[in-house]
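None of these values were measured; they are calculated from a predicted model. Quick note: residue numbers are just sequence positions, from 1.
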Amino acid sequence: TVKVSVGSIDLNNQGGILNVGASGNDYTSTGIVLGTGNTSDSPTIVLDNDNASTAQIDLDSRTSDGGSYGNNQIRLYARSVSDRYSAVEFYDDTTHRARIGMDRGSSIFGSGTAGNLVIGTKDNKDIQFYTTDLPRMMVLADGKVGIGTTAPGAQLDISKAAASATSVIATYSDTTGHNSNLSFYKSNSDTLGTLTATIIDHNLGGIAWVSVSNAPALANSAAISVTQSAGTSGRPEAVMKFQTSDGTNIAQRLTVSSPSGSDGEVFIGPAAASGNYVNGNMTTGLTINQEDAFDQILAFKHSDVTHGL
């Protein structure tokens, strides 16, 4: 072992090389080259700082005359075989804590002895994900996620230009009980993961179809919503409301409810005519009430289709 103590080693931009134990290296023509000549050994750079200061490596491509800056790169090479990878390892004292690397399939992986792999920022900054040098997904500092947009306006915003924006939930299984689901959860609590019984008039979720008005501005053209219609129970009662726009206002047009003791009731008409969700007049399976707006409530008409109404 040979120890050399120097104040600094200056490799200028004229092609200086510091070669430690390596020969025939094809990857580096200037800079620092490490090698051992033994495949069982690992060439290593160690920055050992026993005081409170920070041990660091600086890559500085700034020019002394203030001209254009160059690029700084750290390249990690591995043999071109299936079980090889390039990685950066992080240690806490002498304990291996985490590894982040890339394998031959361009897959980024992480592993460690404590905690999970966390990709993120420590300050109030966004995270962008690119493919083919174009932004594909954005995570804003406030947690909003955008796919196809860099300015998401909701917790999840999926946008597409000049094509249909689609989402698919698929299940592949030969088991009868396996299926695809979209669930809306509501708990009467402000704490994530805390389940507290919901109460009457709580909105349990909905779906809206939104168009653009001539203002222009976003405007709901149709919606389906579900509201709890009774107090707490083992399975609280709820009412489903269907709304559509008449060109000026969006209003409730159809209500489906199941008050206690009934097998389900359907009400067609404006919300004002239906009264409360549990309506004493809704004693039949289907109730139609247009108030005084229309003289004709229900019409059966002949059609060209055989047996049609």
Worksheet entry | Residues forming a side chain to side chain donor-acceptor pair (under 3.5 Å) with S189, sequence neighbours excluded | none
Worksheet item: Is the closest side-chain heavy-atom distance between F184 and V226 below 4.5 Å?
Response: no
Worksheet item: Is there a side-chain contact between V256 and F267 (heavy atoms, below 4.5 Å)?
Response: no
Item to complete: Would you give the length of the straight line joining atom CD of Q243 to atom CG of L254, rounded to the nearest 0.5 angstrom?
Response: 11.5 Å
Discussion item. For the CG atom of N249 and the CG atom of N220, what is their distance to the nearest 0.5 Å?
Written reply: 12.5 Å
Worksheet item: Quick one: do D123 and K125 make a salt bridge, cutoff under 4.0 Å?
Response: no
Item to complete: Evaluate side-chain contact (heavy atoms from CB on, under 4.5 Å) for I224 paired with M240, printing each intermediate quantity in order.
Response: CA-CA 7 Å; I224 301 174; M240 179 176 287; 3.9 Å; yes
Worksheet item: Between atom OG of S187 and atom CG of L192, what is the distance when rounded to the nearest 0.5 Å?
Response: 10.0 Å
Discussion item. S180: which residues meet the side chain to side chain donor-acceptor pair (under 3.5 Å) condition with it, sequence neighbours left out?
Written reply: T171
Worksheet entry | Remaining members of the apolar cluster that contains L156, side-chain heavy atoms under 4.5 Å | I127, F129, M137, V139, V145, I147, I158
Worksheet entry | For K144 against P152, the heavy-atom pair lying closest together | CD-O, 3.4 Å
Discussion item. For G205, is there any backbone N or O sitting under 3.5 Å from a side-chain donor or acceptor partner on N203?
Written reply: yes
Worksheet item: Should I207 and I169 be regarded as members of a common hydrophobic cluster, given that ILVMFWY residues are connected when their side-chain heavy atoms come within less than 4.5 Å of each other, either directly or indirectly?
Response: yes
Worksheet item: Excluding sequence neighbours, so at least two apart, what forms salt bridge (Lys or Arg N to Asp or Glu O under 4.0 Å) with D190?
Response: none
Discussion item. Other residues, nucleotides and ligands only: do more than 12 of their heavy atoms fall within 6.0 Å of CG on D133?
Written reply: no
Worksheet entry | Heavy-atom side-chain proximity of N188 to H202 below 4.5 angstrom | yes
Worksheet item: Does T149 reach the side chain of M138, with side-chain heavy atoms less than 4.5 Å apart?
Response: no
Worksheet item: Are any of the side-chain heavy atoms of I199 and T232 separated by less than 4.5 Å?
Response: yes
Worksheet item: Cluster question for you: counting only ILVMFWY and a side-chain heavy-atom cut-off of under 4.5 Å, with indirect links fine, are L182 and W209 together?
Response: yes
Discussion item. Could you check whether T244 and D246, counting side-chain N and O atoms only, form a donor-acceptor pair closer than 3.5 Å?
Written reply: no
Discussion item. Any side-chain to backbone donor/acceptor pair from D126 onto A141? Under 3.5 Å, distance only.
Written reply: yes
Worksheet entry | Inter-residue atom distance Q128.CD - R136.CZ, 0.5 Å rounding | 12.5 Å
Fill in: Co-members of L218 in a cluster of I, L, V, M, F, W and Y side chains, linked at under 4.5 Å
V210, V212
Response to the item:
d(Q155 CD, L140 CG) to nearest 0.5 Å is 9.5 Å
Worksheet item: Side-chain donor-acceptor pair under 3.5 Å between S245 and S221, yes or no?
Response: no
Worksheet item: Which other residues belong to the hydrophobic cluster containing I250, where Ile, Leu, Val, Met, Phe, Trp and Tyr are joined when side-chain heavy atoms lie under 4.5 Å apart, directly or via other members?
Response: none
Discussion item. Between S257 (side chain only) and V239 (backbone N and O only), is there a donor and an acceptor less than 3.5 Å apart?
Written reply: no
